[in-house]
Amino acid sequence: MGCAQRTGWHRICLDIARDVDSFGDYFYLSRTSQYLDVYQVTLKDTDGDGQLEPDQHPDNPLHTGPMEERALTFVLTTCR
């Protein structure tokens, strides 16, 4: 039985009991013990200042400001 491929945008609701990891621009979600979903993360300049600031947050004293929006684009589902 092969893995089903999904396309397009998906809303991700994370469960703390699931495994989540990242490497570079990619976000890995262990959806089940059999399937691993891969998403590409894109940072957006939502505060319009011309800079991508991944550490900017209202509660971060070193980089105070509004959080930059992240977009997750589904890449593939693979079998473990």
Side-chain angles (χ1 to χ4, degrees):
M1 178 182 208
C3 292
Q5 295 289 328
R6 294 186 292 165
T7 60
W9 291 89
H10 299 277
R11 173 175 236 146
I12 299 175
C13 297
L14 297 178
D15 181 342
I16 293 174
R18 300 235 174 109
D19 291 331
V20 177
D21 203 355
S22 64
F23 183 78
D25 293 12
Y26 294 92
F27 177 83
Y28 302 88
L29 174 63
S30 179
R31 184 163 38 105
T32 67
S33 62
Q34 185 178 2
Y35 298 107
L36 180 71
D37 293 335
V38 180
Y39 294 84
Q40 184 170 22
V41 180
T42 305
L43 191 64
K44 297 182 178 186
D45 179 25
T46 51
D47 61 3
D49 66 357
Q51 298 178 3
L52 297 176
E53 301 151 309
D55 297 326
Q56 185 170 283
H57 188 280
D59 296 333
N60 184 345
L62 300 177
H63 299 282
T64 304
M67 285 182 62
E68 299 283 32
E69 183 179 323
R70 275 100 170 138
L72 299 179
T73 304
F74 176 75
V75 177
L76 63 91
T77 294
T78 185
C79 291
R80 292 175 154 229

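Atom set for the values below is all heavy atoms of this structure, side chains included, hydrogens, waters and symmetry mates excluded.
- Each of Thr77, Thr73, Leu76 was scored for a side chain to side chain contact (heavy atoms under 4.5 Å, CB included) with Val38, with one residue passing: Leu76.
- Linking Ile, Leu, Val, Met, Phe, Trp and Tyr whenever their side-chain heavy atoms come within less than 4.5 Å leaves Val41 and Leu43 in two separate clusters.
- Counting all heavy atoms, side chain and backbone alike, Glu68 lies closest to Thr46 at OE1-N, 2.9 Å.
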Show the atom names and distances, to 0.1 Å, of all donor-acceptor pairs under 3.5 Å that link a side chain in residues 51-58 to residues at least two apart or in another chain.
unit_1, atom_1, unit_2, atom_2, d
Gln56, NE2, Asp47, OD2, 2.8
Gln56, NE2, Pro66, O, 2.6
His57, ND1, Asp59, N, 2.8

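- Atoms CG and CG, on Leu72 and Leu29 in that order, are 10.0 Å from each other to the nearest 0.5 Å.
- The ring-ring contact (aromatic ring centres under 6.0 Å, His included) test with Tyr39 is passed by exactly one of Tyr28, Tyr26, Phe74: Phe74.
- A donor-acceptor pair under 3.5 Å links the side-chain atoms of Asp45 to the main chain of Gly50, judged by distance alone.
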